[in-house]
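Data first, discussion second: the structure below is written as structure tokens.
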Amino acid sequence: MCTIISISTNVILKYKPIQVISKYCNFYNMAKRDCEDETPSPKKQKTGHWSMGLLASMNDPMNIVKSDDLVTVIKDAYPKAEFHYLVIPKDNISNLKALKKDNISLLKHIEEVGREIANLEQHKNRTFNFGYHAEASMFRIHLHVISDDMNSSHLKTKKHWNSYTTPFFLKPEDIRKSLKKNGKVSLPTSQQCKEYINTPLKCHKCDFIPKHMPNLKKHILTHLTD
DNA sequence: GTTCTAGAAC
DNA sequence: GTTCTAGAAC
């Protein structure tokens with residue numbers, strides 16, 4: 001856990017400008033403290049830094065929806081729709097930038113498992129979207145499998161909304177294609193990511209332009225079907 | 001990733 | 001005065 005952060009911090013130190021270094025060092029120190037804390041609280045000992053949350057979740061049998069040799073599927077702890085799952089590889093791939101051509105078959109498997117989950121009997125008459133966040137907050141790549149109702153008390157901010165409804169939400173097949181073609185994943189720049197996240201709110205199912213999030217949340221109820 | 005809250009927007 | 005958003009969290 002500490003090793004991963006040390007390596008990525010070294011890379012950041014090599015390439016990022018000073019302001020960003022300070023931001024990441026701060027993040028590094030927080031995570032490092034969690035790793036090194038000799039007398040952690042029981043809660044801390046279990047979960048560690050929040051960015052490690054997925055790893056803790058996938059190791060807790062209570063959270064596991066399905067697993068096989070290659071992947072674990074968990075329910076998102078803060079679902080942004082009525083159904084929201086994460087398909088996570090057992091192989092420790094920290095983020096999309098760490099993907100190699102060798103991982104293409106694993107990515108295909110992740111998508112297959114995602115489709116299986118979406119096609120479960122309990123999800124009949126539901127439409128699901130599949131994607132990776134261009135900039136994820138949590139370690140270990142994870143495919144979002146999310147129903148398109150977007151109806152959830154945990155969906156609160158413009159960032160939440162736009163992270164699933166703009167090109168910030170990367171199609172799994174595009175990830176695989178760019179990996180096959182270029183040997184690495186082509187990702188939007190951090191500036192592009194900011195623009196996607198700051199895109200004015202718009203309903204994902206019609207032309208409705210909401211005034212603000214509460215307005216949008218009320219509006220999407222009109223699209224619900226059962 | 002979430003929580004909290006100051007101050008902007010209404 | 002209330003609602004809403006955006007940024008800090010050491």
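Just so we're clear, the structure is a prediction, and the values are computed from it rather than from any experiment. Sequence lines set the chain letters: A, B, ... in the order given, protein chains first and strands last, and positions in each chain run from 1.
In this structure, Lys156(A) does not reach the dT3(C) phosphate: none of its side-chain N or O atoms is under 4.0 Å from OP1 or OP2. An OP1 or OP2 oxygen of dG1(B) is reached within less than 4.0 angstrom by no side-chain nitrogen or oxygen of His49(A). Neither OP1 nor OP2 of dC4(C) sits under 4.0 Å from any side-chain N or O of Lys158(A).
With Ile141(A) as the partner, the side-chain contact (heavy atoms from CB on, under 4.5 Å) test is satisfied by one option alone out of Ile93(A), Ile88(A), Asn103(A), Val185(A): Ile93(A). The one candidate from His144(A), His160(A), His133(A) that meets the ring-ring contact (aromatic ring centres under 6.0 Å, His included) condition with Phe168(A) is His133(A).
Salt-bridge annotation for Asp68(A) and Lys90(A): absent, with no side-chain N of the basic residue lying under 4.0 Å from a carboxylate O of the acidic one.
Here the C1' atom of nucleotide dT2(B) and the OH atom of Tyr78(A) are 6 Å apart, to the nearest Å. Straight-line distance from the CD1 atom of Ile74(A) to the P atom of dG1(B): 13 Å, rounded to whole Å. Spacing between atom CH2 of Trp161(A) and atom P of dC4(C) amounts to 16 Å, rounded to whole angstrom units. In this structure, Leu155(A) places its CG atom 11 Å from P of dG1(B), rounding to the nearest Å. Whole-Å rounding puts the Lys194(A) NZ to dA6(C) P distance at 14 Å. In this structure, Leu201(A) places its CG atom 12 Å from C1' of dC4(C), rounding to the nearest Å. One can place CG of Leu54(A) at 13 Å from C1' of dT2(B), the figure rounded to the nearest angstrom. With rounding to whole Å, His160(A) atom NE2 is found 17 Å from dC4(C) atom P.
Closest approach to the His133(A) side chain among dC4(C), dT2(B), dG1(B) is made by dG1(B) (side chain taken as heavy atoms from C-beta onward). Candidate nucleotides dG1(B), dT2(B), dT3(B) were compared by shortest atom distance to the side chain of Ser137(A), and dG1(B) ranks first. Nearest to the side chain of Trp50(A), among dT5(C), dT3(B), dG1(B), sits dG1(B).
Within the nucleic acid shown, Lys217(A) has no heavy atom closer than 4.0 Å to any nucleic acid atom. Counting non-hydrogen atoms under 4.0 angstrom, His142(A) reaches nothing in the nucleic acid.
A perpendicular orientation is assigned to the rings of Tyr78(A) and His154(A), their planes being inclined by more than 60° (bins at 30° and 60°).
Applying the Watson-Crick and G-U wobble criteria (two distances, each under 3.5 Å), dT3(B) pairs with dA8(C).
Applying the 6.0 Å contact sphere to NZ of Lys101(A) captures more than 12 heavy atoms from other residues, nucleotides or ligands.
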